[in-house]
2 protein chains.
Amino acid sequence: MKEIQHRSNCPISYSLDYLGDKWVLLILRDLIFTNKSTYGDFIASEEKIATNILADRLKLLEENGFIKSTVSAEKKNKFIYNLTEKGIDLIPVIMELMVWGSKYNPPGANNLIQELNKDKEGTIQNYKNRARTRMKTTPE
Amino acid sequence: MKEIQHRSNCPISYSLDYLGDKWVLLILRDLIFTNKSTYGDFIASEEKIATNILADRLKLLEENGFIKSTVSAEKKNKFIYNLTEKGIDLIPVIMELMVWGSKYNPPGANNLIQELNKDKEGTIQNYKNRARTRMKTTPE
DNA sequence: TAAATTTGCTTGTTATTTGCAAGTAAACAA
DNA sequence: TTGTTTACTTGCAAATAACAAGCAAATTTA
C-alpha cells in the first residue's frame, strides 16, 4: 500500500486525501448504518464494488486507523471489520452526505432524516454509541 | 459530459456519485471559504489541479446545478463561478470534513473550528448567507 | 476421511481516468 | 498591430478501475 501524499495543509484537503473516493465512504456507510462487517457483506452491497478495490480499500482504511479487523470467533477464515474512534468521528460527515442526498434525491426520504431534523446531535451520538458497542461486543 | 449513473437509490451513494471525488470538493471549498471564483483562481490553489480536470469538473458542477457561471462585468473573457442553492446546501458536508480534518491533522486548527464548536448552526448559516450575497452582488 | 463449499482474497487483462505538457482562441492592453 | 491575459482543448504516457478468473485456508458435507 502506497502512503497517502497530502497535497496541502488544508484540513479539508487532508480529509479528502482519505475520503475523496466513493468506495471508501460506501464501506464506512455500511459499517455505520447496517450490520455489515465482513468482506462478504460489503461485496453483497447494492453498488457492486469490485473485489480488488474492496481489498485495497479495506487495507487502506485499516492501515490508516479508520477500521480494525479481528478474526471471527466462530470461523477462523472470516474477518470482522469495525470502526475505530477515528472512523466513528466520520459519522457527522456521512450524516451530512445523507441529509444532502435525501434532499436532492426525492425518493430517499426516510425516518433517519426526520430524526436528524428533530435532534441532529442526539442522533449522531446514538450512531456513535452503536458503533462503539459493536466494536466492544464479541463479534458473531 | 457523460451523465452520472447512480448505482443505487441510497441517498449517500447518490451524493457520492457527485462528491466522491477530491477535485469537486476542493473547488467547492474554494467557493465557500475563499474569494476565489474564476478558472484562474482555482488553478492557483495549493493542490495544483490539472487544467483539463478543472475544466471537466466545472462543467460537471454547472451541468448538475451546483454552480452557475456568469460573464465577468469587467472582462468578457472571464467567467465568475458562484454556488447555487444546491451547492450552498453542501456547506454542512464540507464543514464536517473540516472538523474531522482539523482533529486528525493537528496543525490544521484555526478560528473557524472554534467558531463551529461554539455555534455550529450559526456558523454554517453565516457561510450560507455569505455565499448567497456573493451570488447576488455584481461580480468583480 | 475425502470432496465440496465458504470466505477472503490475488492475479491478469482491458478500459477508463488522470496528470502533464503543449497548443488554441477570444478578449484586451500597449 | 503585437503581446498578454484568460479559459480552455488536445495528445500522450502513466496510473487506476472494472471485470473475470484463479487460489488457498478453513469449514462443512457426504
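Please read these numbers as outputs of a predicted model, since none were measured by experiment. Convention: sequence-line order gives letters A, B, ...; per-chain numbering from 1.
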Parallel, tilted or perpendicular: rings of A/Phe79 and A/Tyr81 (30°, 60°):
tilted

Go through DNA chain C in 5' to 3' direction and return only the first and the last nucleotide with some atom under 4.0 Å of chain B's heavy atoms.
C/dT17 to C/dC28

Please find the pair of heavy atoms, one from [X] and one from [Y], that lie closest to each other, and give the distance.
{"X": "B/Glu62", "Y": "B/Ser69", "result": "OE2-N, 2.9 Å"}
{"X": "A/Arg130", "Y": "A/Ile32", "result": "NH2-O, 2.8 Å"}
{"X": "A/Met135", "Y": "A/Glu85", "result": "CE-OE2, 4.4 Å"}
{"X": "B/Lys36", "Y": "B/Leu31", "result": "O-CD2, 3.6 Å"}

Starting at [atom1] of [X] and ending at [atom2] of [N], how long is that distance when rounded to a whole Å?
{"X": "B/Asp21", "N": "D/dT16", "atom1": "CG", "atom2": "P", "value": "14 Å"}
{"X": "A/Ile43", "N": "D/dA18", "atom1": "CD1", "atom2": "P", "value": "12 Å"}
{"X": "B/Ile80", "N": "D/dA7", "atom1": "CD1", "atom2": "C1'", "value": "12 Å"}
{"X": "A/Gln5", "N": "D/dT16", "atom1": "CD", "atom2": "C1'", "value": "17 Å"}
{"X": "B/Trp23", "N": "D/dT16", "atom1": "CH2", "atom2": "P", "value": "13 Å"}

So, B/Asp41 and B/Thr38: side-chain donor and acceptor under 3.5 Å apart, yes or no?
yes

Sequence-distant partners of B/Asp30, salt bridge (charged side-chain N to carboxylate O under 4.0 Å, His left out), two or more places apart
none

Are any of the side-chain nitrogens in B/Glu121 or B/Lys128 under 4.0 Å away from the carboxylate oxygens of its partner?
no

Geometric cation-pi criterion B/Arg29 and B/Trp23, 6.0 Å radius, 45° cone:
no

Give a yes or no answer on whether the side chain of A/Ser15 reaches the backbone of A/Pro11 with a donor-acceptor pair at less than 3.5 Å.
yes

In degrees rounded to 10°, what angle is found between the helical axes fit to the five outermost pairs at each end of the helix from C/dT1-D/dA30 to C/dA30-D/dT1?
10°

For the pair A/Tyr127 and A/Phe33, evaluate ring pair (Phe, Tyr, Trp, His ring centres under 6.0 Å) and give the outcome as yes or no after the intermediate values.
CA-CA 8 Å; A/Tyr127 275 88; A/Phe33 294 109; 5.2 Å; yes

So which protein nitrogen or oxygen atoms get under 3.5 Å of nucleotides 8-10 of chain D's nitrogens or oxygens?
from, atom 1, to, atom 2, distance (Å)
D/dC8, OP2, B/Tyr81, OH, 2.7
D/dT9, O4, B/Thr51, OG1, 2.8

Partner residues of A/Trp100 under the ring pair (Phe, Tyr, Trp, His ring centres under 6.0 Å) criterion, sequence neighbours left out
A/Tyr104, B/Phe66

Are any protein N/O atoms closer than 3.5 Å to N/O atoms in nucleotides 22-30 of chain D? If there are, list each pair with its distance.
from, atom 1, to, atom 2, distance (Å)
D/dT27, OP1, A/Lys76, N, 2.5

